[in-house]
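One-based numbering along the sequence shown.
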Amino acid sequence: MSKVQILTGGPLPNIPWQERPENDRHDAPVWRYAGNPVIARNPAPGVARIFNSAVCPWEDGFIAVLRGEQVNGVPHIYLGRSADGIHWQVDPQKIPFVNEQGEPFMPRYAYDPRLVKVEDTYYMMWCQDFYGASIGMAKTKDFKTFTRLDNPFIPFNRNAVLFPRRVNGLYQLLSRPSDSGHTPFGDIWLSQSPDMTFWGKHRHVMSKGDKWWESVKIGAGAAPIETSEGWLLLYHGVSSTCNGLIYSIGGAILDINEPSRVLYRCENFLLTPEEEYEERGFVPGVCFPCATLQDTDTGRIAIYYGAADTVVGLAFTQVDELVDYIKAHSVTCETDTEPGIR
């Protein structure tokens with residue numbers, strides 16, 4: 001049993017898993033699946049690329065909401081199914097969203113979805129057009145009917161992800177306020193709601209860092225994992241180079257009862273583009289985390305990430321090793337450790 005306990009999600013004995021290679025010399029305890037990518041190019045008719053997608057357990061296997069870039073260049077969300085979390089079948093049609101009355105209500109575009117189970121409902125979040133780039137949300141209980149909810153915020157905002165349970169009686173949502181362009185800045189914020197409709201009590205969580213790999217902007221990635229050490233957050237950090245932006249994966253631990261307060265923040269990246277499928281693609285140099293699977297019995301964590309805005313990659317870690325690494329390499333500042341309100 002792990003020293004650090006994963007507190008939500010339950011046992012997942014069929015979690016996809018591969019042991020760390022003996023010759024792996026990466027500093028951080030995160031290693032790639034040898035068979036990457038797990039979703040390759042042209043996965044379904046009319047879809048050129050799938051990346052930046054989210055996965056969760058469903059029935060005896062796994063289900064995913066997928067960012068599918070259509071051959072006309074417009075992104076939408078598709079559904080994927082897998083028995084083992086590695087080999088995926090993609091539904092050929094876009095997810096058919098409806099409004100509260102059951103009438104068709106499709107977004108004009110939709111990208112970078114997250115998928116989080118809270119209580120008995122699965123919630124999806126993505127970026128869409130709400131008279132400017134903003135957050136779209138929907139809910140389902142059966143992955144057959146997908147009912148859209150009101151937009152939580154006005155533009156401009158991206159990278160929204162729910163916590164898997166309420167904290168102090170309130171739903172918790174991370175996001176990254178932005179602008180109308182390819183935002184050259186960005187911090188992570190927390191918003192809270194009693195009913196998934198009205199969002200407030202906004203709190204600042206983390207600013208971009210002074211380290212190379214996250215010096216331009218940051219954004220929440222996978223849903224925070226509740227552990228005995230706090231909320232384990234995987235996020236993306238962006239750096240600027242002479243050849244463009246580079247997206248890496250970072251890690252932090254948030255206070256369990258006050259998640260706007262950062263307890264530990266790793267100064268090192270956990271995963272950065274190195275493999276061909278991460279460095280070569282539609283947008284070179286991208287590792288973009290969107291989901292994790294975790295097994296409370298073994299402490300195993302599987303990380304799904306978009307690679308080069310082209311394919312889906314899979315990586316692994318152990319909660320003990322990852323939490324120890326983040327704590328051992330933690331560097332925080334005032335805007336991290338304060339409660340996020342001034």
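Leu12 and Asp295 get closest at one heavy-atom pair: N-OD1, 2.7 Å. The nearest pair of heavy atoms linking Leu66 to Leu79 is CD1-C, 4.0 Å. The minimum heavy-atom distance between Phe163 and Leu173, with the atom names listed, is CD1-N, 4.4 Å. Closest non-hydrogen pair, Trp189 versus Pro177, comes out as CD1-CD, 3.4 Å.
Side-chain contact between Tyr304 and Val312 is present, with at least one heavy-atom pair separated by less than 4.5 Å. With a 4.5 Å cut-off on side-chain heavy atoms, Leu245 and His182 count as touching. Here the side chains of Pro13 and Asp297 are not in contact, with every heavy-atom distance at 4.5 Å or above. Using a 4.5 Å cut-off on side-chain heavy atoms (C-beta onward), Thr310 and Arg280 make no contact. Between Met106 and Gln128 the shortest side-chain heavy-atom distance does not fall below 4.5 Å. Considering only heavy atoms from C-beta on, Glu22 stays 4.5 Å or farther from Asp24 through its side chain. Side-chain contact between Trp31 and Pro21: present, with at least one pair of heavy atoms (C-beta onward) separated by less than 4.5 Å. Using a 4.5 Å cut-off on side-chain heavy atoms (C-beta onward), Val286 and Pro273 make no contact.
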Side-chain polar contacts of residues 232-239 - donor-acceptor pairs under 3.5 angstrom, sequence neighbours left out - could you list them?
from	atom 1	to	atom 2	distance (Å)
Tyr235	OH	Glu214	OE1	2.9
Tyr235	OH	Arg265	NE	3.4
His236	ND1	Gly219	O	3.2

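The OG1 atom of Thr292 sits 15.0 Å away from atom OH of Tyr305, with the distance rounded to the nearest 0.5 Å. If you take CD1 on Ile86 and CZ on Phe62, they are separated by 9.0 Å, rounding to the nearest 0.5 Å. Atom CD1 of Ile249 and atom SG of Cys287 lie 5.5 Å apart (nearest 0.5 Å).
As a member of the Ile/Leu/Val/Met/Phe/Trp/Tyr network built from side-chain separations under 4.5 Å, Val71 groups with nothing else and remains a singleton.
Using a 3.5 Å distance cut-off with no hydrogens or angles, the side chains of His26 and Glu274 do pair a donor with an acceptor. With hydrogens and angles left out, the side-chain atoms of Thr197 and Asp150 include no donor and acceptor closer than 3.5 Å. Looking only at atom types and distance, the side chain of Thr241 has no donor-acceptor partner in the side chain of Asn243 under 3.5 Å away.
Legend: side-chain hydrogen bond (donor to acceptor under 3.5 Å, both in side chains) pairs involving residues 221-233, not counting sequence neighbours, sorted by first then second residue: Arg165-Glu226, Glu229-Lys327. Among pairs with a residue in residues 63-106, those fulfilling ring pair (Phe, Tyr, Trp, His ring centres under 6.0 Å) read Phe97-Trp126, at least two apart in sequence or across chains. Judged as a side-chain hydrogen bond (donor to acceptor under 3.5 Å, both in side chains), the pairs with a partner in residues 110-122 (not counting sequence neighbours) are, in order, Asn52-Asp112, Arg67-Asp112, Tyr111-Arg158, Arg114-Asn159, Glu119-Arg166, Asp120-Lys141.
Linking ILVMFWY residues whenever their side-chain heavy atoms come closer than 4.5 Å, directly or via other members, places Val319 and Ile326 in the same cluster. Linking ILVMFWY side-chain heavy atoms closer than 4.5 Å, directly or via other members, places Val4 and Leu270 in a single hydrophobic cluster. When the side chains of ILVMFWY residues are joined at heavy-atom separations under 4.5 Å, either directly or via intervening members, Leu190 and Val167 end up in a single hydrophobic cluster. Tracing side-chain contacts under 4.5 Å through hydrophobic residues (I, L, V, M, F, W, Y), one never reaches Ile77 starting from Tyr109; they form parts of separate clusters.
Remark: Arg176 pairs with no residue by the side chain to side chain donor-acceptor pair (under 3.5 Å) rule, at least two apart or across chains.
Using a 4.0 Å cut-off between charged side-chain N and carboxylate O, Arg32 and Glu278 make a salt bridge. Classification of Asp91 and Arg81 as a salt-bridged pair holds, one side-chain N sitting under 4.0 Å from a carboxylate O.
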Report the C-alpha separation of Val205 and Leu174 in whole Å, then their side-chain angles, then the decisive distance to 0.1 Å, and conclude whether the side-chain contact (heavy atoms from CB on, under 4.5 Å) test is met.
CA-CA 9 Å; Val205 181; Leu174 297 174; 4.1 Å; yes

Could you go through Tyr171 and Asp195, starting from their C-alpha distance and side-chain angles, then the distance that decides it, and tell me whether this counts as side-chain hydrogen bond (donor to acceptor under 3.5 Å, both in side chains)?
CA-CA 7 Å; Tyr171 296 100; Asp195 55 10; over 6 Å; no

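Geometrically, Arg300 does not engage Phe316 in a cation-pi contact, judged by NZ or CZ lying under 6.0 Å from the ring centre and within 45° of the ring axis.
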